[in-house]
Amino acid sequence: MVRMGKNDHAAVRAILAGDKEAYGALVASHSESLFRVAFRITGNEADADDVVQEAFLRGYQKLESFERRSNFGTWIYRIAVRCALDRISAPRAESRRVAEVSDPEQAEVQVADSAASPERLLLSGEILALQKQALRNLTPMEQAAFTLRHLEDCSTEEIAAALSIAPNAAKQAVFRAVQKMRSQLAPLRMNR
Amino acid sequence: MKHLNEEELIEHYYKSNASAERHLDHCAECAAAFVALHSDLAAIEFPALPNRDAAYGERVWASISASLPRLEAPKQNRLGWRLLRGLSYASAFGLLLACAFFAGRQWEHGHQPTTTVAVKQPQSQPAAKTPERVVVVVLSDHLDRSERLLVELKHTDANSQEMINPLRDQARSLLAANQLCRRQARKQDDPALTAALDRLDQLFNQLANQPGGLTPAAITRLQDQLNSDSLLFEVRVLRSKVLDQKPAVITRSYGGTI
């Protein structure tokens, strides 16, 4: 899920002792993995960059509560997942989605058209757009759980811990997400 | 024959399950459903991950560093005080236990002869209550020690006998405590904890009692197993849960005297 940092604990001790610059080393070594999961959950590069920054800010503010025996990478990764979840749950994100769907040019490619020809559906850009829309039609929790399971290869327990929900709720979120994705992407099935 | 439902098929897709695999080998209907599921999920494409160069982390740091306050000494002191307070509670608890234990022993020594003389009961009178040997195992400590062992195993050099021998010794010392915790977890009907402790038990047994000793191949196999089944993560999650609760103390009584 995240790489281990042998010097992470030493850096945390230094920061808590007043050495702010030591946090730079942690930021440098964990930014890439945070960006990866943030982009996969938000689906947007700019949002992912914001999530990375927000996660490190939150992490710094909560650093005193960091359990020193824990792994810093796992801890900050979970914070990033929650920031990304907040981001896709925010009304701003919702209104952006509505705006995008109401854009007639985009609506053409985002909405599954049952009358579309197989040739048209085969265009990979449109398939991607349809899949992106199917992902967006999931609830934020389902979207995050599905992404963590499908792309980040997290176990049910890891998803539950990252999203602060019970393992069974995490399992159900993945299950509902897969069901919805399959249902919405059914038009593509006949063209494969 | 009971067919696999969609939830079970999805579970199997993400985490291969031996019993589901056996069922799929013999049930054409479920096998077809699984192939369809596999095909649907495999066909989902995601936007390519934008490239972030090696300097990305430095840019993130540059963008946030100005807004971060320096953590001040009083905060560290508060942390120190919290730690100190926690330690003092733990010490007081330990002292209380020790006092209760010695008081019990003193009371018993003081009362046994007195009872015999004053009442003059025959030898057949039921003996004074036998002191029990109390083994107190703090679950969080056990999980903590187990986690450290797993981390060491994960990063150990399979070819270094100097690193392997201490691992075997630690596994042996953890086995007994793990069995106590397993029994208690079963009594408390805690399936997550029981499952994790069962897996720890298997791992400790393999480390402690590997026939022919711990060869580099055996260590590599255990490391692969550890990397693939997320046991370390589970232990961490359980330990953080335990730490969030009150100290979980498992008390186990054995007959016999000290």
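Order of the sequence lines sets the chain letters (A, B, ...), proteins ahead of strands, with each chain counted from 1. None of these values were measured; they are calculated from a predicted model.
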Undergrad: As an exercise, state the distance from CD of A:Glu21 to CZ of B:Arg70, rounded to the nearest 0.5 Å.
TA: 6.5 Å

Undergrad: Could you tell me if the side chain of B:Leu71 sits less than 4.5 Å from the side chain of A:Tyr60, heavy atoms only?
TA: yes

Undergrad: Name the member of A:Asp153, A:Leu151, A:Leu57 that forms the most heavy-atom pairs with chain B at distances under 4.5 Å.
TA: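 The option with the most such pairs is A:Leu151.
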
Undergrad: State, to 0.1 Å, how close B:Gly57 and A:Ser31 come at their nearest heavy-atom pair, and which atoms those are.
TA: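 Shortest heavy-atom contact: CA-OG, 3.4 Å.
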
Undergrad: Would you mind telling me which of B:Leu37, B:Leu68, B:Ile44 has the largest number of heavy-atom pairs within less than 4.5 Å of chain A?
TA: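 Most pairs with chain A among the choices: B:Leu68.
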
Undergrad: Are a donor atom and an acceptor atom from the side chains of A:Gln179 and B:Glu6 found within less than 3.5 Å of each other?
TA: yes

Undergrad: Heavy-atom distance under 4.5 Å to chain A: side chain of B:Val60, backbone, both or neither?
TA: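 For B:Val60, backbone and side chain are both near chain A.
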
Undergrad: Below 4.5 Å, heavy-atom pairs only: which of A:Gln61, A:Glu45, A:Glu157 has the largest tally toward chain B?
TA: A:Glu45

Undergrad: Does the distance from a Lys or Arg side-chain N to an Asp or Glu carboxylate O, for A:Asp49 and B:Arg52, drop under 4.0 Å?
TA: yes

Undergrad: Measuring only between side-chain heavy atoms, which start at C-beta, is A:Leu185 closer than 4.5 Å to B:Asp40?
TA: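 SC-SC contact between A:Leu185 and B:Asp40 ruled out.
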
Undergrad: Are the side chains of B:Tyr14 and A:Ser155 in contact, using a 4.5 Å heavy-atom criterion?
TA: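 Heavy-atom side-chain distance check fails, nothing below 4.5 Å.
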
Undergrad: Do any N or O atoms from the side chain of A:Gln131 and from the backbone of B:Ala43 form a donor-acceptor pair under 3.5 angstrom?
TA: yes

Undergrad: Should we count NZ of A:Lys180 as having more than 12 external heavy atoms under 6.0 Å?
TA: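 More than 12 heavy atoms, drawn from other residues, nucleotides or ligands, come within 6.0 Å of this atom.
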
Undergrad: Decide yes or no for B:Phe233 and A:Thr74: does some side-chain heavy atom of the first lie under 4.5 Å from some side-chain heavy atom of the second?
TA: yes

Undergrad: For B:Pro47 and A:Phe39, which heavy atoms make the closest approach, and how far apart are they?
TA: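 Here B:Pro47 and A:Phe39 meet closest at O-CE2, 4.0 Å.
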
Undergrad: Which atoms of B:Ala42 are under 4.5 Å from chain A, going by heavy atoms: the side chain, the backbone, both sets, or neither?
TA: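 Neither the backbone nor the side chain of B:Ala42 comes within 4.5 Å of chain A.
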
Undergrad: My understanding is that only residues two or more places apart in sequence, or in another chain, count here; which of them pass side chain to side chain donor-acceptor pair (under 3.5 Å) with B:Glu152?
TA: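 Listed in chain order: B:Gln170.
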
Undergrad: Could you tell me the separation between the CG atom of B:Asn5 and the CZ atom of A:Phe175, rounded to the nearest 0.5 Å?
TA: 6.5 Å

Undergrad: Does the side chain of B:Ser65 reach to within under 4.5 Å of the side chain of A:Tyr23, using non-hydrogen atoms?
TA: no

Undergrad: Any side-chain heavy-atom pair from B:Glu234 and A:Glu158 closer than 4.5 angstrom?
TA: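 Result no, sub-4.5 Å side-chain heavy-atom pair not found.
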
Undergrad: In the structure I gave you, are the side-chain heavy atoms of B:Lys15 and A:Arg149 within less than 4.5 Å of one another anywhere?
TA: yes

Undergrad: Less than 4.5 Å apart, side chain to side chain, heavy atoms only: is that true for A:His150 and B:Phe46?
TA: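 In contact.
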
Undergrad: Identify, with sequence neighbours excluded, every residue that meets side chain to side chain donor-acceptor pair (under 3.5 Å) alongside B:Gln206.
TA: B:Arg221

